[in-house]
Student: 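Please read through the structure below; I'll follow up with questions.
Letters go in sequence order (proteins before strands), and every chain restarts at 1.
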Amino acid sequence: MDKTINLTLKVWRQAGPKAKGKFETYKIDNVSTDSSFLEMMDVLNEQLVAERKEPVAFDHDCREGICGMCSMYINGHPHGPDGEITTCQLHMRNFNDGQTITIEPWRSAAFPIIKDLMVDRGAYDKIIQAGGYVNVNTGGVPDGNAIPIGKDIADEAMDAASCIGCGACAAACKNGSAMLFVAAKVSQLALLPQGKVEGAHRAKAMVAKMDELGFGNCTNTGACEAECPKNVSISHIARLNREFLVAKFQD
Amino acid sequence: MWLIDSSIGRKLVMSITGTFLVLFLLFHSIMNLVVIISPEGYNAICEFLGANWYALVATSILASGFVIHILYALYLTFQNMRARGAERYAVKNNQKGVSWSSQNMLVLGAIVLGFLVLHMYNFWFKMQFVELTGIHTGDFHPADGAAYVQQLFSNWVYCVVYIVWLAALWLHLTHGIWSALQSLGLNNKTWLPRVKVIANVISTIVVLMFMAVPVYYLLGCGSGC
């Protein structure tokens with residue numbers, strides 16, 4: 001038999017980017033503890049539609065923790081109280097019967113709210129466009145093993161590359177800083193020989209774009225690392241600082 | 001100018017001025033211990049650091065270090081509050097591994113600054129200031145630091161006030177020292193926990209050395225024991 005719980009949800013409702021938002025309270029009964037948080041939100045929306053009310057808008061896509069689309073600030077934590085997972089991987093067994101759950105959108109000046117729990121995370125795409133790539137010349141495909149790379153370096157680069165760009169770091173940061181995201185995107189390339197060539201330009205361009213888009217300054221609280229669903233380490237931020245400072249002093 | 005315009009540039013300035021101030025604190029705390037060991041030796045240092053040209057140059061560099069550190073702190077905090085946005089979270093939980101001091105550096109800094117003003121009035125105003133202007137503001141000779149220390153800490157209220165001040169300084173330093181190294185990029189996965197330990201050790205040593213003086217007088221050892 002499934003265990004079920006009854007919940008009270010306090011959900012942020014906001015009709016549009018310019019509209020004034022407020023919390024609405026909903027009761028939802030018989031939620032299976034085996035369901036995911038997003039499935040619970042689906043059930044809530046069906047309930048709202050049946051009552052002829054506007055369903056809650058929220059972002060989601062793959063529902064297996066790799067696309068980085070789901071957001072939601074649940075009970076004071078991005079992606080909910082459980083660690084190292086995204087909202088879609090959060091199970092209702094983390095909550096108790098009769099509990100009140102407060103659901104808010106990411107709140108950051110650089111992530112404006114589109115509707116309800118959806119925010120515009122296009123700022124992260126713009127940072128990537130500023131330099132988060134390697135230029136590749138056309139021609140024959142080079143042999144993958146032609147450039148030897150140490151296992152520890154490959155692992156470190158892979159850890160940085162596990163960032164899914166969900167925005168939890170900037171959402172959790174008291175300064176609204178995107179440093180962990182930018183650090184991961186700079187690190188994954190800076191560690192590898194293919195990415196080193198454009199390293200200086202990349203660090204400068206991505207940091208300049210980050211500042212331009214209105215993200216805050218990192219004060220090394222470590223909240224981003226604690227909330228990151230992929231557990232990206234703040235040691236990447238030190239690498240970003242290093243890359244950026246070296247690039248600036250070379251000028 | 002990238003030291004003002006870019007976020008990492010601003011953090012670089014914060015970490016360099018911060019590191020400089022930590023070095024000053026190390027010097028100042030070691031110097032203070034001398035008053036316990038030998039008041040005459042302490043007065044010799046006070047004489048040396050009076051209104052001499054090299055002491056004045058060092059004092060102005062030190063003062064500008066403080067001013068830059070504080071101005072940048074205010075600017076950074078203003079920007080960060082703006083970046084956080086107008087709407088705040090209704091529910092805010094603390095994350096594991098996030099120290100309280102790391103989230104309250106400005107408050108701690110303000111407490112440290114407030115007491116610093118008092119400290120300047122207690123000592124600098126009666127010592128170097130007197131030598132500079134010739135206006136006599138204290139009860140003793142301007143280079144008689146040991147007498148001023150003894151006079152101030154004969155009042156237990158001042159001992160407690162200074163100890164509270166040093167506690168705030170300790171919290172500020174435990175985050176500040178490792179944070180400065182992180183901002184300078186001198187950190188990686190292996191060194192992150194080590195740097196945090198080093199920060200705790202340095203701030204504890206500095207604060208304990210500072211605290212030794214008011215505690216020494218609070219226990220009544222200043223008048224011979």
Student: Considering all heavy atoms of both residues, which atom of S108(A) and which atom of A83(B) are nearest to each other, and what is their separation?
Tutor: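 Heavy atoms only, the tightest pair is OG-O, 3.6 Å.
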
Student: Side chain, backbone, both or neither: which part of S233(A) has a heavy atom under 4.5 Å from chain B?
Tutor: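 It is the side chain, since no backbone atom gets that close.
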
Student: To the closest 0.5 Å, what do you measure between CD (E104(A)) and CZ (R88(B))?
Tutor: 12.0 Å

Student: Is it the backbone or the side chain of W191(B) that comes under 4.5 Å from a heavy atom of chain A, or both, or neither?
Tutor: neither

Student: Which heavy atom of L245(A) sits nearest a heavy atom of L184(B), and at what distance?
Tutor: CD1-O, 3.8 Å

Student: Is a side-chain donor-acceptor pair under 3.5 Å present for D211(A) with S7(B)?
Tutor: yes

Student: Around atom CE of M31(B), are there more than 12 heavy atoms from other residues, nucleotides or ligands closer than 6.0 Å?
Tutor: yes

Student: Taking L76(B), L192(B), D5(B) one by one, which has the highest count of heavy-atom pairs under 4.5 Å against chain A?
Tutor: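 Going by pairs under 4.5 Å, I would pick L76(B).
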
Student: Under the 3.5 angstrom rule, does the side chain of N75(A) hit a backbone N or O of V91(B) as a donor-acceptor pair?
Tutor: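 No; zero donor-acceptor contacts below 3.5 Å.
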
Student: Checking heavy atoms, do the side chain of P105(A), its backbone, both or neither come under 4.5 Å from chain B?
Tutor: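 Just the backbone, heavy atoms under 4.5 Å.
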
Student: Nearest 0.5 Å please: distance from the CD atom of E227(A) over to the CD atom of Q95(B).
Tutor: 4.0 Å

Student: Between K11(B) and chain A, with a heavy-atom cut-off of 4.5 Å, which part of the residue counts as in contact: side chain, backbone, both or neither?
Tutor: side chain

Student: Does any heavy atom of chain B fall under 4.5 Å from the side chain of A172(A), the backbone, both, or neither of them?
Tutor: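 Backbone plus side chain of A172(A), per the 4.5 Å heavy-atom cut-off to chain B.
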
Student: Taking every non-hydrogen pair under 4.5 Å, which of Q79(B), M105(B), Q103(B), R82(B) racks up the most with chain A?
Tutor: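 Counting heavy-atom pairs under 4.5 Å, the top option is Q103(B).
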
Student: Out of G222(A), C218(A), A110(A), which one racks up the most heavy-atom pairs below 4.5 Å with chain B?
Tutor: C218(A)

Student: If the threshold is 4.0 Å, N to carboxylate O, is there a salt bridge linking D159(A) and K189(B)?
Tutor: yes

Student: Is it the side chain or the backbone of F215(A) that comes within 4.5 Å of chain B heavy atoms, both, or neither?
Tutor: backbone

Student: May I ask you to decide if Q182(B)'s main-chain N or O and N241(A)'s side chain share a donor-acceptor pair within less than 3.5 Å?
Tutor: yes

Student: Please confirm whether the backbone N or O of N175(A) pairs with a side-chain atom of R84(B), one donor and one acceptor, at under 3.5 Å?
Tutor: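 Flag not set: sc R84(B) to bb N175(A) has no pair under 3.5 Å.
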
Student: Below 4.5 Å from any heavy atom of chain B, which atoms of A208(A) appear? Answer side chain, backbone, both or neither.
Tutor: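 A208(A) has no heavy atom closer than 4.5 Å to chain B.
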
Student: Select one option (side chain, backbone, both, neither) describing which atoms of E156(A) are under 4.5 Å from chain B's heavy atoms.
Tutor: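 Side chain only.
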
Student: Give the member of I234(A), T219(A), D251(A), N220(A) that has the highest number of heavy-atom pairs under 4.5 Å with chain B.
Tutor: N220(A)

Student: How far does CD of E212(A) sit from OG of S6(B), to the nearest 0.5 angstrom?
Tutor: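 E212(A) CD to S6(B) OG: 13.5 Å, rounded to 0.5 Å.
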
Student: For chain B, which candidate among H77(A), K248(A), R242(A), K204(A) shows the most heavy-atom pairs at distances under 4.5 Å?
Tutor: K248(A)

Student: Name the region of F23(A), side chain, backbone, both or neither, that has any atom closer than 4.5 Å to a heavy atom of chain B.
Tutor: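 Only the side chain of F23(A) comes within 4.5 Å of chain B.
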
Student: Going by atom types alone, do N217(A) and R10(B) pair a side-chain donor with an acceptor below 3.5 Å?
Tutor: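 N217(A) vs R10(B): donor-acceptor pair found between side chains.
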
Student: Centre-to-centre under 6.0 Å for Y89(B) and W106(A), is that the case here?
Tutor: no

Student: Working to the nearest 0.5 angstrom, can you tell me the gap between H236(A) NE2 and N188(B) CG?
Tutor: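 Result: 10.5 Å between the selected atoms.
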
Student: Are any of the side-chain heavy atoms of L12(B) and F244(A) separated by less than 4.5 Å?
Tutor: no

